[in-house]
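Some notes on the structure that comes next.
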Amino acid sequence: MPSGVVVLTDRRLVGADGLERVVAGAVAGGVHWVVLREKDLPRAERAALAAGLRAILADVGGTLIVAGPDPLGGDAVHLPAAGPYPPPRLPLVGRSCHDQTELNRLTTEHYATVSPVHLTRTKPGYGPPLGTEGLRRLTEVSRVPTLALGGVETPEQVTACVQAGAVGVAVLGALMRAEDPTETAASLTSAFQKAVTPVLTQTRHGVTGSPREGLRPTVPTQGSSLTARSGHGRPQPPTATTGEGK
């Protein structure tokens, strides 16, 4: 499942030639998951861009997720809240959700983004924002793991989202606008890693580990079960409990 810092692309913020540079910088900073948007591009151009991003992610065993039902030669997609239904049968399918009604419609999806957590410059006026408490409420009722999306730009916000139950954060503006994508990605990724690392506590019998307040000990870290190598990677077979336990 996607976890940690997940990058959403927007070439309008960096220029067509700068998108691969920004993604490469984010990957150097610890990112393993990228969602390719750019849905206004002709399919051939978008497929070529997808191939380029997969090549970058392949070096770290990362995964490219394509927004929309067409995986562009890969096997992972992220769908809008409005459709299509039923979801395509692919190894990894996510969906955008904004409230409990949309979460309740999920069927075979593997994860969902929950948004907007905060006000965002990418979509001004989009909301109202859920805040971390709203994120917590939706995460608790979701049947699948959730990613926090919308206005997440600082390490402190990453920590708060994880404490609210999200398995990661989906970030667009903070990385697409970053002067140094590697440094920004490393800062956000470090905050995620610290948030999911058990706190060592001293007891009479020695040092023991306990998860930080509000966290689930089973929250995954930045690893990837899919590989992005030219779109040929496949995830480990899903178990019967995938998406359960939320």
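The shown structure was predicted, so the numbers you read here are calculated from the model rather than taken from an experiment.
Criterion: ILVMFWY side-chain heavy atoms under 4.5 Å apart, direct or through other members. Under it, Leu57 and Leu90 are not part of a common hydrophobic cluster. Linking Ile, Leu, Val, Met, Phe, Trp and Tyr residues whenever their side-chain heavy atoms come within less than 4.5 Å places Leu41 and Val14 in a single cluster.
Heavy-atom minimum distance, Leu135 versus Ala148: CD2-CB, 3.7 Å. In this structure, Arg54 and Gly73 approach most closely via the heavy-atom pair NH2-C, 4.0 Å. When all heavy atoms are compared, the tightest approach of Leu79 to Pro88 is CD1-CD, 3.7 Å. In this structure, Ala174 and Ala178 approach most closely via the heavy-atom pair O-CB, 3.3 Å. What you find for Ile56 and Val23 is that their closest heavy atoms are CG2-CG1, 4.3 Å. Of all non-hydrogen atoms in Leu64 and Ala50, the two that sit nearest each other are CD2-O, 3.5 Å.
Side-chain contact between His32 and Thr63 is absent, with no heavy atoms from C-beta onward closer than 4.5 Å. The closest side-chain heavy-atom distance from Pro69 to Val77 is not below 4.5 Å. Counting heavy atoms from C-beta outward, Val7 and Val35 have side chains that stay 4.5 Å or more apart. Put simply, the side chain of Thr9 does not reach to within 4.5 Å of the side chain of Val22, judged on heavy atoms. For the pair Trp33/Ile65, a side-chain contact is recorded, criterion being any heavy-atom separation below 4.5 Å from C-beta on. For the pair Glu153 and Thr184, the minimum side-chain heavy-atom distance is 4.5 Å or more. Between Val27 and Asp59 there is no side-chain heavy-atom pair separated by less than 4.5 Å. Looking only at side-chain heavy atoms (C-beta outward), Arg46 and Leu72 come within less than 4.5 Å of each other.
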| said: Determine whether Val169 and Val5 satisfy the following criterion, side chain to side chain contact (heavy atoms under 4.5 Å, CB included), listing intermediate values before the conclusion. | reply: CA-CA 5 Å; Val169 295; Val5 177; 4.3 Å; yes
| message | Let's go through Arg137 and Glu140 carefully: what are the C-alpha distance in whole Å and the side-chain angles of both, what is the deciding distance for salt bridge (charged side-chain N to carboxylate O under 4.0 Å, His left out) to 0.1 Å, and is it a yes or a no? | response | CA-CA 5 Å; Arg137 287 192 295 271; Glu140 288 175 350; over 6 Å; no
| task | For the pair Ser142 and Val114, evaluate side chain to side chain contact (heavy atoms under 4.5 Å, CB included) and give the outcome as yes or no after the intermediate values. | result | CA-CA 10 Å; Ser142 176; Val114 172; over 6 Å; no
| task | For the pair Val144 and Arg95, evaluate side chain to side chain contact (heavy atoms under 4.5 Å, CB included) and give the outcome as yes or no after the intermediate values. | result | CA-CA 10 Å; Val144 298; Arg95 191 180 293 277; over 6 Å; no
| message | Could you walk me through whether Leu49 and Leu36 satisfy the side chain to side chain contact (heavy atoms under 4.5 Å, CB included) test, starting with their C-alpha distance in whole Å, then the side-chain angles of each, then the deciding distance to 0.1 Å, before giving a yes or no? | response | CA-CA 9 Å; Leu49 182 55; Leu36 173 63; 3.7 Å; yes
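Proximity of a side-chain donor or acceptor of Ser96 to a complementary backbone N or O of Pro80 within less than 3.5 Å is not detected. Between the side chain of Glu109 and the backbone N or O of Thr107 there is at least one donor-acceptor pair closer than 3.5 Å. The main-chain N or O of Val93 is found under 3.5 Å from a side-chain atom of His110 such that the two form a donor-acceptor pair. Within the 3.5 Å criterion, the main-chain N or O of His98 finds a donor-acceptor partner in the side chain of Glu102. Distance alone, capped at 3.5 Å, is enough to place a donor-acceptor pair between the Arg136 side chain and the Gln163 backbone. Counting only distance, with no hydrogens or angles, the side chain of Gln157 and the backbone of Thr154 share a donor-acceptor pair below 3.5 Å.
Here the CG atom belonging to Leu130 is positioned 7.5 Å from the OG atom belonging to Ser115, to the nearest 0.5 angstrom. A distance of 8.0 Å separates CG in Leu103 from OG1 in Thr146, rounded to the nearest 0.5 Å. How far CZ of Arg12 is from CD of Glu38: 7.5 Å, rounded to the nearest 0.5 Å. In this structure, CG on Asp70 lies 12.0 Å from NZ on Lys39, to the nearest 0.5 angstrom. Separating the SG atom in Cys97 from the CG atom in Leu106 is a distance of 4.5 Å, to the nearest 0.5 Å. The distance from atom CG of Asp10 to atom CZ of Arg177, rounded to the nearest 0.5 Å, is 8.0 Å.
Pairs of residues two or more places apart, or lying in two chains, that qualify as ring-ring contact (aromatic ring centres under 6.0 Å, His included) and include a residue from residues 55-81 are His78-Tyr111.
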